[in-house]
Amino acid sequence: MFSEVASSSPLLRNLNPEQLAAVTLPNTHALILAGAGSGKTRVLTTRIAWLLQTGQVSPGGILAVTFTNKAAKEMMVRLSSMLPVNVRGMWIGTFHGLCNRFLRAHYKLANLPSTFQILDTQDQLSAIKRLCKQFNIDDERFPPKQLMWFIAGCKEDGQRAKDVVVRDEETRKKAEIYALYEEQCQREGVVDFGELMLRSYELLRDNAPVREHYQRRFRHILIDEFQDTNKLQYAWIKMLAGQGDAAAAGTHAMPGGSVVAVGDDDQSIYAFRGARVGNMADFVREFDVQQQIKLERNYRSFGNILDSANELISHNSKRLGKNLRTEAGPGEPVRVFEATSDFAEAQWFVDEVRQLVRDGTERKEIALLYRSNAQSRVMETALFNNAIPYRVYGGLRFFERAEIKHALAYLRLMDNPHDDTSFMRIVNFPPRGIGMRSIEQLQDVARAAGCSLHDAVSAVSGKAGTNLGAFVAKLDVLREQTPGLSLREIIELVLQHSGLEEHYKLDKEGQDRLENLGELVNAAESFVSLEGFGRDAVALPIDELGVALRQSPASQGLDPSAPLGNELLPELLAPNQETGETLSPLAAFLTHAALESGDNQAQAGQDAVQLMTVHSSKGLEFDCVFISGLEDGIFPHENSLSDAGGIEEERRLMYVAITRARKRLYLTHSQTRMLHGQTRYNLKSRFFDELPEAALKWITPKNRGFAQAYGGNSGTWGASNSGAGGARGDWAAAAFASRKPVGETFANPVVPPQRNAPAHGLKTGMEVFHAKFGEGRVMMLEGSGDDARAQINFTRHGVKWLALSVAKLTVV
DNA sequence: GTCTATCAGAGGGTC
DNA sequence: TCTGATAGAC
């Protein structure tokens with residue numbers, strides 16, 4: 001039926017049969033299992049374009065959900081390059097962005113103030129800390145962080161405080177705190193990320209007209225990275241698709257649209273934050289999905305890399321089953337390198353990068369992946385010392401910086417004086433002589449009166465002096481001055497009169513912060529509407545280059561080459577569907593700041609080596625990938641070793657890491673590693689045993705020169721950092737001799753000069769076997785004769801000191 | 001009220 | 001080793 005379109009539309013050129021089938025699926029529920037590098041984003045965007053082009057749906061009937069702003073943006077950029085369409089009319093965005101849009105439109109029904117503001121994770125934590133203090137909650141028994149996880153976890157499961165199943169005293173107390181937290185947020189007019197989702201869901205669930213309106217509207221619902229959805233997000237989708245509880249209860253047949261879910265169970269790496277891979281199977285069952293398409297053809301990596309990924313992931317038990325294949329040929333073998341220390345690993349990495357660059361590889365095509373952020377340090381030092389440009393992903397993002405948060409807090413109080421979190425952040429910043437005592441007093445008054453801190457000031461200032469009064473008066477004056485001012489003017493006004501600017505000017509280390517505040521003004525400036533807010537205006541944030549994007553209303557939807565702005569804002573700024581109100585530029589900007597924490601990639605675009613955790617590498621690809629620190633306890637991470645689910649998630653993580661590489665993949669591990677200020681002795685990762693030997697090539701020391709170059713005691717760093725003193729050198733070399741043979745590479749092992757070899761014949765670094773504790777590695781030796789003791793790091797039982805006269809050890 | 005010292009804790013992190 | 005949070009000293 002669509003074959004004519006299929007053959008004639010340029011959209012569908014160059015799609016493989018599976019991709020084509022996915023793109024041109026009829027209007028029905030479907031699950032697309034999209035392997036890494038199989039063209040998932042392309043399929044999603046092409047399907048939307050195809051639906052529009054063939055007239056099956058208007059832009060308003062599309063709902064496309066992603067997890068990150070980046071993915072949403074990419075989808076829109078690609079879409080607009082495919083056909084001239086007003087992407088603004090479509091609901092394309094992140095779960096939270098779309099929920100925000102929804103709640104802004106129906107804030108009254110959702111029982112929120114029109115100016116409700118969004119708490120990010122930092123704000124949420126400080127709100128909880130404040131709550132705990134106020135109610136004298138023992139923070140030893142209930143650490144605020146843990147409470148935050150509890151509350152977020154409840155919301156992810158769709159549970160309000162009253163829904164929490166109380167089995168013990170601790171849970172009862174936590175649920176109680178959760179209830180108090182809910183009250184506090186409601187009173188202050190703020191919502192956290194979980195609340196955006198939960199409140200949207202509840203409004204859909206409880207309000208039939210609203211629910212039916214959206215069910216009728218969204219004919220096509222597309223979900224990206226479906227394996228990462230949590231319980232609540234899935235329930236939200238069900239509700240919008242007319243498959244929710246209310247529909248099941250069945251008043252009428254619900255007229256919901258079709259859901260196309262795209263995901264890869266093998267890339268599910270976010271269980272720790274509530275993701276439920278099980279949603280994929282539930283979806284198939286509950287939506288009675290008849291159409292399942294597997295995209296297994298990989299366009300990214302060579303054969304050896306894919307073989308490694310396939311073989312590794314085949315060790316997982318619960319899989320939907322999928323194998324990547326390529327027509328690109330085997331390519332180079334996967335290179336494996338064993339270093340003696342983390343320093344040596346870093347030095348070797350640097351040398352290898354140099355060689356790659358000499359051979360013509362761009363630095364930005366080289367990625368170093370690690371399991372946890374702490375591992376980046378030693379690598380950064382090496383890169384820095386060797387003057388190799390690099391860029392680290394992660395860390396503080398623009399809108400999370402302290403000075404930016406401070407400025408935003410002032411701005412938020414302009415819109416919503418009852419936002420106590422913001423109030424607390426800046427009540428004494430810059431310092432204005434308001435200390436703990438006055439604040440505590442103020443909090444008491446506020447609690448007694450059931451009002452915000454702002455409103456409590458007038459009651460207190462009479463007796464507590466004028467500092468607080470002056471502060472609030474200043475806020476109020478600023479607020480009175482803002483009407484009629486542009487967003488830029490408001491921010492500049494606030495920066496000056498809050499004293500922030502002055503404060504950082506006087507601070508000798510405040511220069512960077514001052515510059516960031518300047519950037520905030522720029523960001524606002526670029527964000528601002530060009531032709532008057534609220535009517536037919538379009539507000540646009542800055543694009544990646546920081547250049548203001550301009551788009552006149554006339555060009556909307558007509559010019560596919562027109563630059564794209566933010567997906568969430570235009571509709572935010574349109575008049576409210578119920579009241580006709582519009583969001584102020586300031587409120588819109590604050591929303592933008594909360595939902596998009598901004599870039600943390602300062603030097604984007606530079607040709608630099610890319611450093612990041614495996615988690616943040618998801619969705620990216622590079623010509624050359626180094627996966628470092630492949631040691632048991634590091635990767636897989638030690639916290640995951642105890643349960644089977646944990647190790648399977650680690651394996652998926654490794655799978656993600658491997659499949660980032662296009663041409664060349666390196667796997668490295670080190671015998672010793674500095675962690676928490678101590679030298680740790682790690683066995684190589686168990687994942688090595690799950691990779692196909694035929695695809696691997698073990699790179700190893702060929703001569704003494706190598707050992708010296710990468711041994712612990714050479715070079716300017718390493719020796720000075722050696723906590724174990726001379727042991728490091730011994731260890732390093734001894735280890736080479738004791739490794740199990742891995743091909744010709746160890747044919748010529750480096751044998752270290754031994755100092756006074758003891759009678760028991762053990763050396764540090766040897767692998768030994770103990771009848772009870774199993775395999776382990778000698779870390780340290782002490783004493784002699786009957787007093788001789790050895791510290792052994794056992795794979796399964798951790799580090800133990802054993803008396804050699806008693807313990808039965810055999811050398812492996 | 002602010003500054004400095006000491007101590008605990010340290011996985012992954014979007015919105 | 002390093003960071004952040006808090007307690008006690010100025």
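What you see is a predicted model; the values in this text were computed from it and never measured. Computed over heavy atoms, backbone and side chain alike; hydrogens, waters and symmetry mates excluded. Here is how names work: the chains are called A, B, and so on, in the same order as the sequence lines, proteins then strands, and each is numbered from 1.
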P-based separation of dG13(B) from dG4(C) [nearest Å]: 16 Å
Go through [options] for me and flag the one nearest to the [X] side chain.
X	options	answer
Ser372(A)	dA5(C), dG11(B), dC15(B)	dG11(B)
Thr121(A)	dG11(B), dC15(B), dT14(B)	dC15(B)
Glu650(A)	dT1(C), dG11(B), dT14(B)	dG11(B)
Ser616(A)	dG13(B), dT1(C), dG11(B)	dG13(B)
Ser640(A)	dG11(B), dT1(C), dG13(B)	dG11(B)
Phe193(A)	dC15(B), dG11(B), dG13(B)	dC15(B)

Take atom [atom1] of [X] and atom [atom2] of [N], then tell me their distance rounded to the nearest Å.
X	N	atom1	atom2	value
Phe399(A)	dT14(B)	CZ	C1'	16 Å
Met148(A)	dG13(B)	CE	C1'	11 Å
Glu380(A)	dC2(C)	CD	P	13 Å
Lys133(A)	dA7(C)	NZ	C1'	12 Å
Leu396(A)	dT14(B)	CG	P	12 Å
Glu596(A)	dT14(B)	CD	P	13 Å
His676(A)	dA8(B)	NE2	P	15 Å
Gln678(A)	dA10(B)	CD	C1'	13 Å

Side-chain N or O of [X] closer than 4.0 Å to phosphate OP1/OP2 of [N]:
X	N	value
Asn69(A)	dC15(B)	yes
Thr613(A)	dG13(B)	yes
Arg397(A)	dG13(B)	no
Asn373(A)	dG13(B)	yes

Between Asp419(A) and Arg412(A), does a salt bridge (charged side-chain N to carboxylate O under 4.0 Å, His left out) hold up when you go through it step by step? CA-CA 7 Å; Asp419(A) 179 352; Arg412(A) 286 163 73 133; 3.1 Å; yes
Go through the structure and list residues passing side-chain contact (heavy atoms from CB on, under 4.5 Å) with His637(A), not counting sequence neighbours.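 With sequence neighbours excluded, His637(A) shows a side-chain contact (heavy atoms from CB on, under 4.5 Å) to Arg371(A), Asn639(A), Ser640(A), Glu650(A), given in chain and number order.
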Over all strands shown, is Arg371(A) touching base, sugar-phosphate only, or nothing at heavy-atom distances under 4.0 angstrom?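 Base, at least one base atom sits under 4.0 Å.
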Polar side chain donor-acceptor pair, Thr340(A) to Gln671(A), under 3.5 angstrom: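 Looking only at side-chain atoms, Gln671(A) and Thr340(A) do not form any donor-acceptor pair under 3.5 Å.
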Side-chain donor-acceptor pair under 3.5 Å between Asp192(A) and Gln124(A), yes or no?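 Yes - a donor-acceptor pair under 3.5 Å links their side chains.
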Report the relative orientation of the aromatic rings in His406(A) and Phe429(A); use parallel for angles under 30°, tilted for 30 to 60°, perpendicular for over 60°.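 Aromatic pair His406(A)/Phe429(A) classed parallel.
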Walk me through whether Phe423(A) and Phe471(A) qualify under ring-ring contact (aromatic ring centres under 6.0 Å, His included). CA-CA 10 Å; Phe423(A) 188 96; Phe471(A) 169 63; 5.4 Å; yes
Suppose we screen for ring pair (Phe, Tyr, Trp, His ring centres under 6.0 Å). Which residues come up paired with Tyr270(A), at least two apart in sequence or across chains? Phe272(A), His615(A)
Is a donor-acceptor contact shorter than 3.5 angstrom present between the side chain of Arg273(A) and the base of dG12(B)? no
Measure all distances between protein nitrogen or oxygen atoms and nitrogen or oxygen atoms of nucleotides 1-7 of chain B, and list the pairs falling under 3.5 Å.
from	atom 1	to	atom 2	distance (Å)
dG1(B)	OP1	Gly435(A)	N	2.8
dG1(B)	OP1	Ser438(A)	OG	3.2
dT2(B)	OP2	Asn428(A)	ND2	3.1

Mapping Asn639(A) and Glu156(A) onto DNA chain B by nearest heavy atom, which one lands closer to the 5' end?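 Per heavy-atom nearest nucleotide, the more 5' residue is Asn639(A).
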Using modelled atom types and a 3.5 Å cut-off, is there a donor and acceptor pairing between side-chain atoms of Ser341(A) and backbone atoms of Ala344(A)?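 Side chain of Ser341(A) to backbone of Ala344(A), a donor-acceptor pair under 3.5 Å: yes, one is there.
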If you measure from the ring centre of Phe272(A) to the centre of the six-membered ring in the base of dG12(B), is it under 5.5 Å, with the planes under 30° apart? yes
